[in-house]
Amino acid sequence: MAKLDLHCHSTASDGALPPDELVARAAARGSRMLALTDHDCTAGLALARQAAEQAGLDLINGVEISVSWQKRAVHIVGLDINPDCPALVAGLHSVREGRVERARRMGEALAKIGIHGAFDGALQRCGNPEMIGRTHFARFLVDSGEVKNVAAVFRKYLVKGKPGYVAHEWATLADAVSWIRQAGGIAVIAHPGRYEIGRMLMEQLVEDFKAVGGEAIEVVSASHTLDQSHKFALLAARMELLASAGSDFHAPGEGGRDVGLTANLPPICVPVWSRFSPPRATPSAD
Ligand code: AMP
Ligand code: MN
Ligand code: MN
Ligand code: MN
């Protein structure tokens, strides 16, 4: 395992732990480098940094931007960003706008099939009301005994074609990458294995992404099998993309991996952290 994790969430978006507890948890597990990448929001970074200084952990400023590409949602992580960059701040603000209205519509859609109080229930589970999203609805439905776990709620209610799904227009790929670059960061295609697209569309996504200044792809992700990691390592090498690694941790016991450590990148990869400013070495296994 590598003692780093470049993708995780706090209560500033849809994670269950406050930023300082998240950092402390990663440090306690032996992590040396952590990027906090909340959805569409950088509000958790200041508290995370305080905790990282105490724990002696290298905190990388990050964000995960929701993008609409070819009528589907794609997530673009920004790493080593300046969170105060005005273009990024304004861009993220524009992406967050509309989440509350979308959530109201999700609540109405669920009410139509007999599930009442979902909007209020989701809002209560939100650390940051403007960041209300599907995960908060999923936790409400689990807590109310409706469904056994978050993954099952998504399958049953919250994905395209299911009764609680509400289509939404996120940022464009070009805008998201441009905000990250203006903030001095590196744009990364998050969890590519999660998009239900074939080889041709994946190539198209990478080409479109590179054409607007994208530079990296998550090769190691808790959403990936070992086979997928190897497949994306080859894709990264062939398309000359840097490689990233992240847990996409949201909450203890909520599926996926715990925070702080990730599988080693295949040796063919050029690690994204070798291009941070200043460049970082892979944290040693001491
Ligand atoms: P939203 O931005 O509101 O559309 O919510 C997206 C979030 O929902 C993702 O970041 C994940 O945390 C979560 N999510 C999406 N699909 C699933 C799934 N199939 N199972 C569990 N969580 C999911
Ligand atoms: Mn999430
Ligand atoms: Mn994501
Ligand atoms: Mn994520």
Side-chain angles (χ1 to χ4, degrees), residues 5-17 19 22 34-42 44 60 62-69 71-79 92 95-107 109-110 118-119 122-123 125-142 147-162 164-171 176 187-196 217-218 220-224 244-259 262:
D5 183 351
L6 300 180
H7 187 156
C8 65
H9 298 273
S10 76
T11 47
S13 64
D14 60 356
L17 302 180
L22 181 74
L34 183 76
L36 175 60
T37 56
D38 275 307
H39 299 288
D40 309 325
C41 167
T42 58
I60 307 299
V63 67
E64 181 178 17
I65 305 180
S66 312
V67 161
S68 294
W69 178 81
K71 297 197 169 37
R72 56 193 89 225
V74 165
H75 287 172
I76 302 297
V77 162
L79 294 176
L92 294 180
V95 184
R96 289 193 301 270
E97 271 180 354
R99 269 192 180 267
V100 173
E101 185 51 35
R102 167 196 190 230
R104 276 191 207 288
R105 291 177 55 205
M106 287 173 66
L110 289 167
F119 175 78
L123 200 56
R125 285 160 179 78
C126 229
N128 179 2
E130 62 173 353
M131 278 309 302
I132 188 167
R134 288 185 291 165
T135 307
H136 305 107
F137 280 84
R139 292 190 186 129
F140 162 75
L141 286 163
V142 171
V147 192
K148 68 173 188 307
N149 61 41
V150 162
V153 181
F154 271 86
R155 276 199 302 278
K156 214 170 156 192
Y157 296 111
L158 301 181
V159 295
K160 213 180 236 176
K162 299 298 171 176
Y165 180 80
V166 170
H168 193 72
E169 202 59 44
W170 302 107
V188 187
I189 298 177
H191 43 62
R194 269 189 38 189
Y195 311 128
E196 288 171 352
I217 188 164
E218 263 178 15
V220 166
S221 162
S223 321
H224 293 169
S244 189
S247 66
D248 205 1
F249 175 81
H250 282 74
E254 207 172 82
R257 298 273 154 71
D258 211 321
V259 70
T262 51

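Numbering of residues begins at 1 and proceeds along the displayed sequence. Counting starts at 1 for both ligands and their atoms, following the listed order.
Scanning the protein for heavy atoms near atom 2 (O) of ligand 1, the closest one is Arg99 NH2, 2.9 Å. Here the heavy atom of the protein found nearest to atom 6 (C) of ligand 1 is Arg134 NH2, 3.7 Å. Shortest contact from atom 12 (O) of ligand 1 to any protein heavy atom: His250 NE2, 2.8 Å. Looking only at heavy atoms of the protein, atom 21 (C) of ligand 1 is closest to Phe154 CD1, 3.5 Å.
Between Arg99 atom CZ and His168 atom NE2 the span is 7.0 Å, to the nearest 0.5 Å. Note: Phe137 CZ to Leu123 CG = 8.5 Å, rounded to the nearest 0.5 Å.
The Mn ion (ligand 2) has Asp14 among its coordinating residues (N/O/S atom, backbone or side chain, under 2.8 Å). The Mn ion (ligand 4) lies at 2.8 Å or more from every N, O or S atom belonging to His75. For the Mn ion (ligand 4), the N/O/S atoms of His7 include one lying under 2.8 Å.
Backbone and side-chain nitrogen or oxygen atoms of His75 are examined, and none is located within less than 3.5 angstrom of a nitrogen or oxygen of ligand 1. Checked by distance only, ligand 1 and Trp170 stay at 3.5 Å or farther apart across all their nitrogen or oxygen atoms.
Atoms of ligand 1 lying under 4.0 Å from any heavy atom of Arg102, numbered from 1 in the order shown and given with element: 1 (P), 3 (O), 4 (O). Applying the 4.0 Å criterion to heavy atoms of Asp14 picks out, from ligand 1, the atoms 7 (C), 10 (O), 12 (O). Set against the non-hydrogen atoms of Gly133, the atoms of ligand 1 under 4.0 Å away are 3 (O).
Between the side chains of His9 and Glu64, a donor-acceptor pair is found at a separation under 3.5 Å. For Asp14 and His136, the side-chain atoms include no donor-acceptor pair closer than 3.5 Å.
Between the side chain of Arg96 and the backbone N or O of Asp40 there is at least one donor-acceptor pair closer than 3.5 Å.
With respect to Asp248, the side chain to side chain donor-acceptor pair (under 3.5 Å) criterion is satisfied by exactly one of His75, His224, His7: His7.
The angle subtended at the Mn ion (ligand 2) by NE2 of His39 and NE2 of His250 is 120°, given to the nearest 10°.
Contact annotation for His39 and ligand 1: only side-chain heavy atoms (C-beta onward) come within less than 4.0 Å of the ligand. With a 4.0 Å heavy-atom cut-off, ligand 1 is reached by the side chain of Arg194 but not by its N, CA, C or O.
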